[in-house]
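First up is the structure itself, then whatever we jot down about it.
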Protein chains: 2
Amino acid sequence: MSNSKLYKGSLSTIILKLLADEGKMYGYEITQKVKQLTQDELQIKEGALYPALHKLEADGLLDIEVKKVDNRLRKYYKLTEKGTQESIGKLAELERYLSTMQALLLPKTKLSS
Amino acid sequence: MSNSKLYKGSLSTIILKLLADEGKMYGYEITQKVKQLTQDELQIKEGALYPALHKLEADGLLDIEVKKVDNRLRKYYKLTEKGTQESIGKLAELERYLSTMQALLLPKTKLSS
DNA sequence: TTTTATACCTAAGTTACTTATGTATGTAAG
DNA sequence: CTTACATACATAAGTAACTTAGGTATAAAA
């Protein structure tokens, strides 16, 4: 993948899912976590990530907590209650999409008419 | 789904896959086949389909054969040799994407740290 | 005769990315 | 010691791939 445009539309869902799992994360950490979980297959670009985080925050799905670690700034994000609700819905939608795509790809790979 | 933008980037792969399965299809038939295979979950819009077909043809992946059935025009598309090759690659890429996404969604749904 | 289905088409608008840049600190390498 | 790489944030401009909205035309159903 890496440069495949296939994941378009799923970035915010990925972010919400990671935050639901990890509690709180900062931007750079998210990019590294995604790389790790996907074995470098999916590289979240900073130019995509930060605007996405800002939008999720503006929509009231995320809260920010700024910390200074090693004299470097970190902006930790965590889900609001609304964000938790939204993450559930978005995850369900993404999972439905994935199985829909599976259904599209399977026929004739097997033995159907 | 229906209106979800999640499938962005996968339309041409879907077209190639269907043609690999069915041999030849016309545009309208493709929209109906996708609806049927996905139980109305995924609705290919004509505004997306026809430009995609034209592009695939321009790229030398599809051949056209025009037929008149019931006094109505049909443009049947089928894979060229190049199109067959491309469909294999695109399908592999899409399948890799799907399992990558699965990998992203699984952790913490289970019992991992 | 109006709607629905079949069958094609394109232009304009939108969205969500990529690419390219920029700032700033800390660490490793040469 | 200075250059490159990693960490950590950010935005602006460009692009791709859709959606929306319109158009033409025939046939069947209401």
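A, B, ... follow the sequence lines: proteins, then strands. Residue 1 opens every chain. Atom set for the values below is all heavy atoms of this structure, side chains included, hydrogens, waters and symmetry mates excluded. The shown structure was predicted, so the numbers you read here are calculated from the model rather than taken from an experiment.
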Ignoring hydrogens and angles, tell me if any N or O in the side chain of B:Lys17 forms a donor-acceptor pair with the backbone of A:Leu105 under 3.5 Å. yes
Working to the nearest 0.5 angstrom, can you tell me the gap between A:Lys68 NZ and A:Leu73 CG?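 If we round to the nearest 0.5 Å, A:Lys68:NZ and A:Leu73:CG are 7.0 Å apart.
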Within this structure, what is the CZ-CZ distance for the pair B:Arg74 and B:Arg72, rounded to the nearest 0.5 Å? 8.0 Å
Mind checking [X] for me? I need base, sugar-phosphate or nothing, with any heavy atom below 4.0 Å counting as a touch.
| X | value |
| --- | --- |
| B:Ser12 | nothing |
| A:Thr31 | nothing |
| A:Gly47 | base |
| B:Gly9 | sugar-phosphate |
| A:Glu46 | base |

Mind running a 4.0 Å heavy-atom check of residues 64-79 of chain A against DNA chain C and sending the residues that fall below it, in number order?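 DNA chain C contact set from residues 64-79 of chain A: A:Asp70, A:Asn71, A:Arg72.
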Which residues in residues 48-60 of chain B have a heavy atom closer than 4.0 Å to any atom of DNA chain C? B:Tyr50, B:Pro51, B:His54
If the cut-off is 4.0 Å, is A:Lys8 near the phosphate of C:dA16, judged by side-chain N/O to OP1 or OP2?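 Answer no for this pair, as no side-chain N or O of A:Lys8 is under 4.0 Å from OP1 or OP2.
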So, is A:Tyr26 near the phosphate of D:dA8, with a side-chain N or O under 4.0 Å from OP1 or OP2? yes
Without decimals, in angstroms, what is the distance between [X] [atom1] and [N] [atom2]?
| X | N | atom1 | atom2 | answer |
| --- | --- | --- | --- | --- |
| A:Tyr7 | D:dC18 | OH | C1' | 16 Å |
| A:Ile44 | C:dT19 | CD1 | P | 13 Å |
| A:Leu11 | C:dT18 | CG | P | 8 Å |
| B:Tyr28 | C:dC9 | OH | C1' | 15 Å |
| B:Gln32 | C:dA5 | CD | C1' | 9 Å |
| A:Lys5 | D:dT15 | NZ | C1' | 9 Å |
| A:Leu42 | C:dC17 | CG | P | 10 Å |

Which heavy atom in A:Ser87 sits nearest to a heavy atom in A:Leu16, and how many Å separate them? CB-CB, 3.7 Å
For residues 55-67 of chain A, which side-chain donor-acceptor pairs fall under 3.5 Å, sequence neighbours excluded?
residue : atom : partner : partner atom : Å
A:Lys55 : NZ   : A:Asp59 : OD2          : 2.9

Sequence neighbours left out, what passes salt bridge (charged side-chain N to carboxylate O under 4.0 Å, His left out) with A:Lys33? Give chain and number order.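 Residues passing salt bridge (charged side-chain N to carboxylate O under 4.0 Å, His left out) with A:Lys33: A:Glu22.
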Tell me, please, which residues at least two apart from [X] pass side-chain contact (heavy atoms from CB on, under 4.5 Å).
| X | value |
| --- | --- |
| B:Gln102 | A:Leu98, A:Gln102 |
| A:Thr31 | A:Tyr28, A:Ile44, A:Leu49 |
| A:Thr13 | A:Lys90, A:Leu91, A:Leu94 |

How far does the helix from C:dT1-D:dA30 to C:dG30-D:dC1 bend, going by the axes of its first and last five pairs, to the nearest 10°?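 One end axis against the other gives 10°.
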Side chain to side chain, B:Ile14 and A:Met101, heavy atoms closer than 4.5 Å: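 Side chain of B:Ile14 against side chain of A:Met101, heavy atoms only: contact under 4.5 Å found.
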With sequence neighbours excluded, tell me which residues meet ring-ring contact (aromatic ring centres under 6.0 Å, His included) with A:Tyr26.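 Per chain and number, A:Tyr26 pairs via ring-ring contact (aromatic ring centres under 6.0 Å, His included) with A:Tyr76.
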Where at least one partner belongs to residues 77-88 of chain A, residue pairs that pass salt bridge (Lys or Arg N to Asp or Glu O under 4.0 Å), sequence neighbours excluded: none
